[in-house]
A.B. asks: 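Have a look at this one before I ask anything.
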Amino acid sequence: MRQPLVAGNWKMNMNLHQSQKLVSEIINGLGKDNKAEVIVCPPFTSLSEVNSLLKRTQIKLGAQNMYYEENGAFTGEVSADMLKSVGCEYVILGHSERRVIFNELDDLINKKIKAALVKGLKPIFCIGELLEQREKGETMQVVSRQVEKGLEGISAEQMKNIIIAYEPVWAIGTGKTATPQQAQEVHSFIRELVAKKFPTSVAENFIIQYGGSVKPDNSSELLSQKDIDGALVGGACLKADSFLGIIASA
Ligand code: PEP
């Protein structure tokens, strides 16, 4: 049985005061009998404060990025150890905005995944095709390359701590969601890819989130698909009501 995992990626939104307000609303609004595990991923500048507010709640903290080196002359970067020291348990890696805007390639993402795991952070490893790649029928090829390269050198034991988020880039922040069938098709393909590399038990138990314009009115159908184990939510996690609605539907 895979427990649904709903994560909110706040992106470059919410200053400190706004972060405190949003996380307090989420804490106060969260029902007692939600099935889902919940993660919030605020910007770096809010992590420490949000962590304090999350104490004595079940909500987990994640970061949106990190660098793979331990420390040193890497101006503007943060390390896995720094994220751990402010209470992070998860880190989003390989998000399409990092890949497209900041030119992050598979090889760099692989190094980040390994560095996160060494420090005990669980990577939420994002993959997904661009619109033109889907239109050319290249979706499975792209996803397959991203999985292969991103997970190069990862052991079965490490794979137990990795979450994959399938996020078709054309569905991120656009209001266009993949249909539940389109998403399920790719999710089951990803599970098969993982089953080729790792023991069946690992492939059956690891979490694959869907991301791309998930909202309270489409989340329950998406999350009811066999291989969709949760959601990585962007826009809809910036309002407590809509994030809570997605959590309740899981
Ligand atoms: C995301 O950025 O991970 C995302 C899924 O964004 P949105 O929900 O806004 O499409």
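First listed ligand is number 1; within each ligand, the first listed atom is number 1.
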A.B. asks: What protein heavy atom lies closest to atom 9 (O) of ligand 1? Include the residue and the distance to one decimal.
C.D. replies: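 Checking every protein heavy atom, the shortest distance to atom 9 (O) of ligand 1 gives G235 N, 2.8 Å.
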A.B. asks: Atoms of ligand 1 less than 4.0 Å from G212 heavy atoms?
C.D. replies: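 Per the distance check, 5 (C), 10 (O).
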A.B. asks: Pick one of side chain, backbone, both or neither for how N9 approaches ligand 1, counting any non-hydrogen atom pair under 4.0 Å.
C.D. replies: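 Side chain only.
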A.B. asks: If you round to the nearest 0.5 Å, how far is CG of L61 from OG of S52?
C.D. replies: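 Result: 10.0 Å between the selected atoms.
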A.B. asks: Heavy-atom pairs closer than 4.0 Å: do any link ligand 1 to the side chain of A171, the backbone, both, or neither?
C.D. replies: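 Backbone only.
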A.B. asks: To the nearest 0.5 angstrom, please state how far the CD1 atom of I113 sits from the CD atom of E152.
C.D. replies: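 So the CD1 of I113 and the CD of E152 are separated by 11.0 Å.
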A.B. asks: Does a donor on one side chain sit under 3.5 Å from an acceptor on the other, for E129 and W170?
C.D. replies: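 Per modelled atom types, E129 and W170 side chains form a pair under 3.5 Å.
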A.B. asks: Looking at OG of S46 and CG of N51, how far apart are the two atoms once the value is rounded to the nearest 0.5 Å?
C.D. replies: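 Atom-to-atom, S46:OG and N51:CG are 12.0 Å apart.
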A.B. asks: How many angstroms lie between CD1 in I92 and CG in N9, if you round to the nearest 0.5 Å?
C.D. replies: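 The distance works out to 4.0 Å.
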A.B. asks: Which of the numbered atoms in ligand 1 are under 4.0 angstrom from any heavy atom belonging to G173?
C.D. replies: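 That gives atoms 7 (P), 9 (O), 10 (O) of ligand 1.
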A.B. asks: May I ask you to identify the nearest protein heavy atom to atom 1 (C) of ligand 1, giving residue, atom name and distance to one decimal place in Å?
C.D. replies: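 Scanning the protein heavy atoms, the shortest distance from atom 1 (C) of ligand 1 goes to H95 NE2, 3.2 Å.
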A.B. asks: Of all the non-hydrogen atoms in the protein, which one sits nearest to atom 2 (O) of ligand 1, and at what distance?
C.D. replies: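 Ranking protein heavy atoms by distance from atom 2 (O) of ligand 1, first comes K11 NZ, 2.5 Å.
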A.B. asks: Does a side-chain N-to-carboxylate-O contact under 4.0 Å join K21 and E25?
C.D. replies: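 Here K21 pairs with E25 in a salt bridge, since their nearest N and O are under 4.0 Å apart.
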A.B. asks: Can you tell me how the ring of H187 sits relative to the ring of Y210, calling it parallel under 30°, perpendicular over 60° and tilted otherwise?
C.D. replies: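 Tilted.
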A.B. asks: Starting from atom 3 (O) of ligand 1, which protein heavy atom do you reach first, and at what distance in Å?
C.D. replies: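 Protein heavy atom at minimum distance: E167 OE2, 2.7 Å.
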A.B. asks: List every atom of ligand 1 that sits less than 4.0 Å from any heavy atom of S213, numbering the atoms from 1 in the order shown and giving each element.
C.D. replies: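 Heavy-atom distances to S213 below 4.0 Å select 7 (P), 8 (O), 10 (O).
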A.B. asks: Are any of the N or O atoms of T174 closer than 3.5 Å to those of ligand 1?
C.D. replies: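 So ligand 1 has no N or O lying under 3.5 Å from an N or O of T174.
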A.B. asks: Could you tell me which atoms of ligand 1, counted from 1 in the order shown, lie closer than 4.0 angstrom to a heavy atom of I172?
C.D. replies: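 Checking each atom against I172, I get 1 (C), 2 (O), 4 (C), 6 (O), 10 (O).
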A.B. asks: Report the distance from atom CD of E37 to atom CG of D229, rounding to the nearest 0.5 Å.
C.D. replies: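 Nearest 0.5 Å value for the CD-CG distance: 12.5 Å.
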A.B. asks: Given G234, C41, A236, which has its nearest heavy atom closest to atom 8 (O) of ligand 1?
C.D. replies: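 Answer by nearest heavy atom: G234.
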